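What you see is a predicted model; the values in this text were computed from it and never measured. Proteins get letters first, then strands, A, B, ... in listed order; numbering begins at 1 in each.
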Amino acid sequence: MDITGLPILTLITFAPLVGAILIAFIPRSSAGLVRATALGTSLVSWALSLFLLVGFLPSHPNFQFVERADWISAFGIQYKLGVDGLSLVMVVLTTTLTWISILASFGPIKERVKEYMISFLILEVGMLGVFVALDLFLFYIFFEIVLVPMYLIIGIWGGANRIYATIKFVLYTLVGSLLMLVGILATAFAFQAAHGGNWAGAFDYETLRQFSFDSTLQLFAFLAFFLAFAIKIPMFPFHTWLPDAHVEAPTAGSVILAGVLLKLGGYGFIRFAVPLFPEAAHTYAPAIILLSVIAIIYGAIVALVQPDLKKLVAYSSVSHMGFVTLGIFVFQEQGLQGAILQMVNHGLITGALFLLVGVLYERTHDRTIAKMGGLSAQMPVYAVAFGFFMLASAGLPGLSGFIGEFLVFVGSFAYSPAVAAASTIVMVFAAGYLLWMFQRMFFGELSDFFKNAIGHLDDLRPTEVLTLVPLGVLVVVFGLFPGLLLTLVQGTVTEVLHGAAQASAINLAFWQ
Amino acid sequence: MSAADFSTISPVVAAVLVAAAILLVDIVRPGSRTLAIATSLLGLAIVAAVVLWAGQSTADAFDGAYRQDALTTFLDLLFVAIVAFTIVFAPDYLESRDLPFAEFAAVLVFAMTGAMLLAAASDLLVLFLGLELMVIPGYLLAGFAKRDALSTEGAIKYFLLGSFSSAIFLFGLVFTWGLTGSTRIDDVARHLTDMLSGGASMSAGLAMGLAFMTTGVAFKIAAVPFHYWTPDAYQGSPTPITGYLSVGPKVGAFALILRLFIGALDPLKTDWLPVMEILAALTMTMGNLVALTQSNVKRMLAYSSIAHTGYILVGLAAYAAGRIEGLEGVLFYAAAYTFMNLGAFAVVAALQRRPGVTSHLDTFAGLGRREPILGVLMTLFLLSLTGIPPLAGFFGKAYVILAAVQAGGTLTILAVIAVLNAAAAAFYYLRVVVYMYMREPTSEAEPPKHGSLVWAGLWAASALTIAIGVFPGPLLDAVHHAALALP
Amino acid sequence: MAIPSTVPFIGLSWDDVLFLLFATTMIGTALLVVSMRDIIRCGLAMMASFGALAGIYVLLGAPLVAAAQVLIYIGAIAVLILFAIMLTQSKAAPARLVFQTQAVPAGIAAVILAVVIALTVTATDWGAVTSRLGTATDELARLLFRDYVLPFEIVSVLLLAAVIGGVFLAKREEGGPQ
Amino acid sequence: MSNSLDAYLVLSGIIFAIGTFGFLARRNAISMLMSIELMLNAVNLAIVAFGSFVEALRTASSVIALIVMAVAAAEATVGLAIVIAIYRNRRTPLVDEYDTLRQ
Amino acid sequence: METLIPLIPALPLAGFVFTGLFGRRLGKRASLVPVLAVVASWMIAMVVVYNALTGSGAFAGGQGVEVHLWNWIPAGAFQVQFGFYADNLTACLLIVVTTIGMLVHVYSLGYMSHDPGYWRFFAYLNLFMFSMLLLVLADNFLLVFAGWELVGLSSYLLIGFWYRRRSAALAAKKAFIVNRVGDVGFALGIMAIFVSLGTLNIREVIERIGTLDHTQITVIALLLFAGAMGKSAQFPLHVWLPDAMEGPTPVSALIHAATMVNAGVYLVARANPIFAHAPEAMVVVAAVGIFTAILAASIAFTQTDIKRVLAYSTLSQLGYMFAALGVGAWTAAIFHLMSHGFFKGLLFLDSGSVIHAVDGEQDMRRMGGLRRRIPITYATMFIGSVAISGIPPLAGFFSKDEILGEAFKNGFLWVWAIGLLVAGMTAFYMFRLMGLTFWGKSRVDPAVEPHIHESPRSMTLPLLVLAVPSVLLGLAIGWPLGSGQLRTWLEPVFHEAVELAARPEAAYAFFGVDGALLITSVAVATLGIIGAWALFGLELPGIRRAGNPDRVRSLAGRMPFLYRASLNKWWFDELYDLLFIRIGGRIAAFLWWFDRAVVDGTVNGVGALTADAGRGLRRFQTGHVQNYALGIAIGLIVMAGGYLVIAGR
């Protein structure tokens, strides 16, 4: 099948939009049809993204499946899509997690199903768009679009304190992304000014990547991009929206939030911040690495004392995302590969953990760890699933989490053994909070709280198993055969590092 | 008055005739709303057609007092659109409050005439008269619900302060006129260039005149600290009229700024640039900060309109700092702002169709459930006002920010202030969304029926809001040409 | 008998004396307008002030403007205002405080404004001649209906709009609350 | 003195300032309206004075002054109509009691 | 070989997967597949071992065999194979691991037969076997690390097998976390190896290690040793092992005595050239080892839980092994590893049998006089005790003697001296154990007393089988002294390290220094036995002597500090509790407070400040027109001033 002739990226990206529009015309009363349509469209998008996987040539260095059309020609803004290994991986991750999340929402979401599914599908459009856009302006648009459905998903279907959480999420993210908008515009203008006022290519990623910007612009534009992505990913000290958002979000919202939205930050760093402003990236790298190490340790330590399951997982995300930024900014091959792997793995593992937390929450409407205990006997399959993903999160070799983490360690060791040593300690803390959580939930005698809710404590239902199994399989497969991912992203890694290797830090000695 | 003059000012004449026709119809068939509405809309369509016809050529009329160029056409069309939307949104609201439609429409069209004169004025006197013709009907409209204490209160505040500022503005105009010896904008600009040639700085009298004029226009566009009338007048006015007031006189006042500050005072732009920068920063920040604390949607939107003035001023400052894109940004922003803001007010007006319904946030509680389509449309307008892509508001903001970034220097700081403000603004816009979707309705009352005209208007406004964001190309071309018409 | 070119004993020209007279009257009555307790008297003072200004217009060689001043301001606007005062003067309302609480800052602001205007005015070279120029009425008429025909038309539309709106607002409605 | 433009302009400025003071300080709506009329008169005085002393402005000044008077009349009409309308609602002409709309 | 070697770990893995998926439904039959898998694995392993040790087939010429399955991590320059490597060292380990593993499986058939988690237990055991074999067979450090972590996981699962018991859950967690501390070092070591050498393949690393400078090697060696300390429970990471006795006894035997805890020794032995290049690191290894040995032995003196005594004994013996490695007695270390594996496995299984007999009681103070009630258990345990005490000609004698001898000859007199002391202490506490458990009068709970019975055949059979190597292993591979079979086998592995040490290789002198040392150590061990005999009694055919509790008490009273220190395990648990749970908890709580109050507080503060600013600014909107007008007037004046300033420029 020749898929090169089809605008396949557009199809993948906007298939969910079509679904959302269809759902808008389905009467509110037929919730089943709404659910089926939502799942169907997300599966269509997923299936198409798998075709992409088949047709992709890892050896080919450039972007593939490129589609371009002039959009706003006055500013050289294009509708330009394309994937390389990195975006391909993220696209497939997104499509996979989306249908899983939609499936996982069938049970818990009973109110306003129609609006929920529409929001979710639009969310998917935004996320996919971010990963395939090759025009900075287009990228920004998708980056922002994501906010709106997520805002609604947390705000409408979330927990008790949802409004605070969702507004915090949106405002915090907006501050960063709007500054990035200034950065994007400044970048484009710098390009335009250097090309005699010609806007052509000023927003085109591939063109901009070839252009070297002057150092002042780099320093400021990088900072703007950095802030946007650092908030999104989120890095210490910009992370506090995350625990709130996770705690209040509905299960599927948490899954997508952890699984994909946080990756937008990492993706942005790798795709835009570093290649466009390599010198600035080098200049700021030590500070970013310091923040990453702090995030790794700090997130893990704070996770140790969390009373709420979701908060614990949220802080563990802060810690895990610290690896991503660390891996990127050590500018080592293994570090970058590890960072990418870590993004994927964290998406799978933490996504699954949130699904699991959601399973329990749906039955007991509580997530307080202190009230739990002894679930192993009551829900053995659940315990096994939870244990599996808990161990994957702890970085057990053989499961995917380990590879990413270890590659980051190796990369950071090459950068500085001290940094590696400081961040490797987190292995202990991670085991600490995860095992503590596991012990409190599953070991010991059944807690009074659970005894009271024992009627609801049935083991995993078939739908729930169906949502978890793909993730589990992927965790094992990527743990044993990380090469599947590594070969895909090798091109991106080489490209990014090649650009970064030629740059050197800017001399910040302004006083001279 | 020659035939050529007449054909050049034909849009204005057509507008006056439409106003007259509305009054005439009301005299012939008193109280027939349908007829009056039809007349108004038909008349506006004719005006639009005439504007387009006249816009085919660039011409001066009345010995250079009136100029027909691309900017005129652009602004005229915008004014016609504003008035048309207002007329579409108003009848439901007015009818349920037993307010006459014909007087309303006629006065509105008179105001439009004034605005159109501003868009075309190349003479200080015409400028002043156009301004007065635009704002005096505005005072009347603000107090149009004359039995309503709030409406009249808003009106008298608007009137008193407006007249005060008009006097100040006029005083400044007179000083400028006295120094330059002419009322023609081109002559003024030429004289100023001569006076400033050789690096001379402006005289004290000119500085004084400039200060008075800036104060006057800053008042009309509701820039901080001359904005005080805005929230009170907006909140007091009948809601469809608030919608009009928030865009019509504001865009009109920006037309005045374009003709006066860019047309006549262009030689002084390095002098008024810092003032505009400060005004822009103050206006954005103060508007947004106070809007954060509002619980009445109309008043919140009033403060938000102040903030939007600030964003537009960023574009103006960028122009003064040497970027023509700033001017384009001003025009683009004005157009984008028009439709989303009118749309938002239209939703408020639709909700207030039953007399006695306030515009408090509680009115919006559960709207997403009670009236889903209205909820979605309101969300759309609010998101656009927030600046979420790919909607019109986002593109407008991006445009002025781009211009500011291009201008560089202090303007970059202004751009950063602008985006920080935009982020803060998201809070209060989204709070309405919170009420609409995340709160339970306070009353179980059956939602009122909305006229098909209102629906048509809402759909049109939302379509424009989306279209300007997704396909900004045509509008970009238009503002590009319009901006080129200025020196 | 020839009138001496200057005023005896004072040494000022007659015009200067007239100017001073009118100016003093104008300022004095204007101050009364803004300071008197009884609003009707304020209105009357305003009329006097307008009259003094008409005198200055004559002095400046613009008799037509002076005539218009008398007709429009004293004849129309001031009368209108007096009517409005009558309409809004409820007997129940005693002469309460004339001034806002912010009278003092208002005064300071006004003084600063006056001083600033005076200083800038005198510091500026207006390109003025040292004698007054007269304006011929016929020339004025030509100007009004030829060069300034557009403003003239606009003013008529403006007045029309103002009257329509004013009538609507001011008219008492049948069945209305009052 | 009477031959000096500055004198007239200074007079105009003083009247303008007095008008401003009245506007800022008086409580009665009609008083404020009268203050505005004073300010407009001050402007008109400046216009006529310019016409009388600057050759280039001679012919136009009277026309402008007349037009400004007409505008003043229109403003006064509208203003008084609004005052009467609000008086019907509030039974008071004192503007500082119109403070329902605030903050 | 290419197919056989991967099969060794693959079979238990298959068993684990199968049992994990279907075990629940199989009930008592669930053990079938795991046991068969392990037996098959053992048979294959024996084939491999035979080939390796005889140097036949693919192993010809003393070479190891490498098997590459696939390229596990192809990350640019970071290429890691999923591959196996087997040589003679592996073979030695395979003997211990598969044999004891198989026997423990069999033993568990009986021991766990009444447990509801029967299938789960066997699944875990199989998982452990897979992990341990992976660790032993891995051809690169990262795969070793993978096995390393997986055995940790299995250990976690098995310690916490009875998860309803809070103490078991806590012990499992403690074991995993303490191990992780060591793993951090190991992981860093791996990174250091890769970064400096560009490969992780063990053979390549060993070949190229000499190219690095001394500091690098020392750092790498110490980091690897840190990993070994965790897994082999060396001071200060020893605290998890005694607690690990919360697991079922077969687990203690298999994991916490015979196999997993040896992983650290194996790692150091495997990486011997690295350590050989870093003599300072070797000293550290020796010091930590010998210190752990005496520390643990001192604690074992007073413990009353039978399994805990054995656990501390294990610690102590592991310390011995590290001391051996540290002094360069590579072969002796592996020798001791093997013999200790068998006799400690035996001892633990015996203790399990004892516990089984007295209905779960583990406190020796409520035992006594069990000799006749459970004769097979008694007999085999006696053999084990003699073996560990270093009485010739049992296995322990040969290995221990070799360690002490080499320590002395290699110039580590202090190691020798302490080791000698520990040998005596070992004999003492082992016979204390024997005395308290089997001899003297019964102190068993009267309710349990009538039910005391010998264990089923599936349990006694492994005991009997294990007793054989405990007796004979030393003679089989350690004789003649100084040039036993084992030395020949391991010569290719340690060849380089031995050469590097460049010590004059004196011939074994039975009638010289070696003989003297031998006699000394046997004498000291005998002294220990006599001490125990005097205090806790002895019942041998012909000798019968009751224990003397009063003298024990008075002895304890005379050394109150030492007694309490021993009883309280030198307060390490308390110290760590203070450091990591209390102070660490405080720090964590503080950081969380910091997160909410400072980091998030700043965020919310900015928001609140903004809102406050808005509230403040809205006060200007007084509703009074005149106020507004004044504002405008002031604005006008300011602006006029501003413009005048601009004009004046």
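When heavy atoms are compared at a cutoff of 4.5 Å, B/I401 approaches chain A by way of both its backbone and its side chain. Looking at A/V182, the atoms closer than 4.5 Å to chain B (heavy atoms on both sides) sit in the backbone and in the side chain alike. Looking at B/Y399, only its side chain comes within 4.5 Å of chain A, counting heavy atoms on both sides. B/L430 touches chain A through backbone and side chain together, each having a heavy atom under 4.5 Å away.
Among the candidates A/I156, A/L174, A/V170, the residue making the largest number of heavy-atom pairs closer than 4.5 Å to chain B is A/I156. Between chain A and the residues B/A398, B/A415, B/G387, B/P372, the largest count of heavy-atom pairs under 4.5 Å involves B/A398. Highest contact tally toward chain A, considering only B/Q406, B/R431, B/H480, B/R439, is held by B/Q406 [criterion: heavy-atom pairs under 4.5 Å]. Heavy-atom pairs under 4.5 Å with chain B peak, among A/R112, A/E144, A/R28, at A/R112. Ranked by non-hydrogen atom pairs under 4.5 Å with chain A, the options B/V419, B/V405, B/L420 are led by B/V419. Chain B forms more heavy-atom pairs under 4.5 Å with one residue of A/W157, A/F137, A/Y172 than with any other, namely A/F137.
Remark: A/L181 CG to B/K397 NZ distance equals 10.5 Å, nearest 0.5 Å. Summarising the geometry, atom CG belonging to A/L185 is positioned 11.5 Å from atom OG1 belonging to B/T412; distances are rounded to the nearest 0.5 Å.
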For this session: Please report the C-alpha distance between B/F395 and A/I72 in whole Å, then the side-chain angles of each, then the deciding distance to 0.1 Å, and finally whether the side chain to side chain contact (heavy atoms under 4.5 Å, CB included) criterion is met.
Result: CA-CA 11 Å; B/F395 215 91; A/I72 304 168; 3.2 Å; yes
Problem set entry | Worked verdict on A/F189 versus B/R323 for side chain to side chain contact (heavy atoms under 4.5 Å, CB included) | CA-CA 12 Å; A/F189 172 61; B/R323 302 303 310 195; 3.9 Å; yes
Exercise. Should A/L152 and B/V433 be marked as a side chain to side chain contact (heavy atoms under 4.5 Å, CB included) after you check the CA-CA gap, both sets of side-chain angles, and the distance that decides it?
Worked result: CA-CA 9 Å; A/L152 294 174; B/V433 180; 3.9 Å; yes
For this session: Before giving the answer on side chain to side chain contact (heavy atoms under 4.5 Å, CB included), spell out for A/Y151 and B/V434 the whole-Å C-alpha distance, their side-chain angles and the decisive distance to 0.1 Å.
Result: CA-CA 10 Å; A/Y151 167 74; B/V434 167; 3.0 Å; yes
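In B/F471, the CZ atom is not crowded: 12 or fewer heavy atoms of neighbouring residues, nucleotides or ligands sit closer than 6.0 Å. Within 6.0 Å of CZ in A/F213 there are more than 12 heavy atoms belonging to other residues, nucleotides or ligands. The environment of CD1 in B/I373 is sparse: at most 12 heavy-atom neighbours from other residues, nucleotides or ligands sit within 6.0 Å.
Contact detail for A/A74 and B/L476: the closest heavy-atom pair is CB-CD1, 4.2 Å.
Taking the six-membered ring where the residue is Trp, A/Y140 and B/F394 present parallel rings, their angle staying beneath 30° rather than reaching 60°.
With respect to B/R369 and A/E111, a salt bridge is recorded, a charged nitrogen being found less than 4.0 Å from a carboxylate O.
Counting only distance, with no hydrogens or angles, the side chain of A/W71 and the backbone of B/V470 share a donor-acceptor pair below 3.5 Å.
Contact annotation: the side chain of A/F75 approaches that of B/L402 to within less than 4.5 Å [non-hydrogen atoms, C-beta and beyond].
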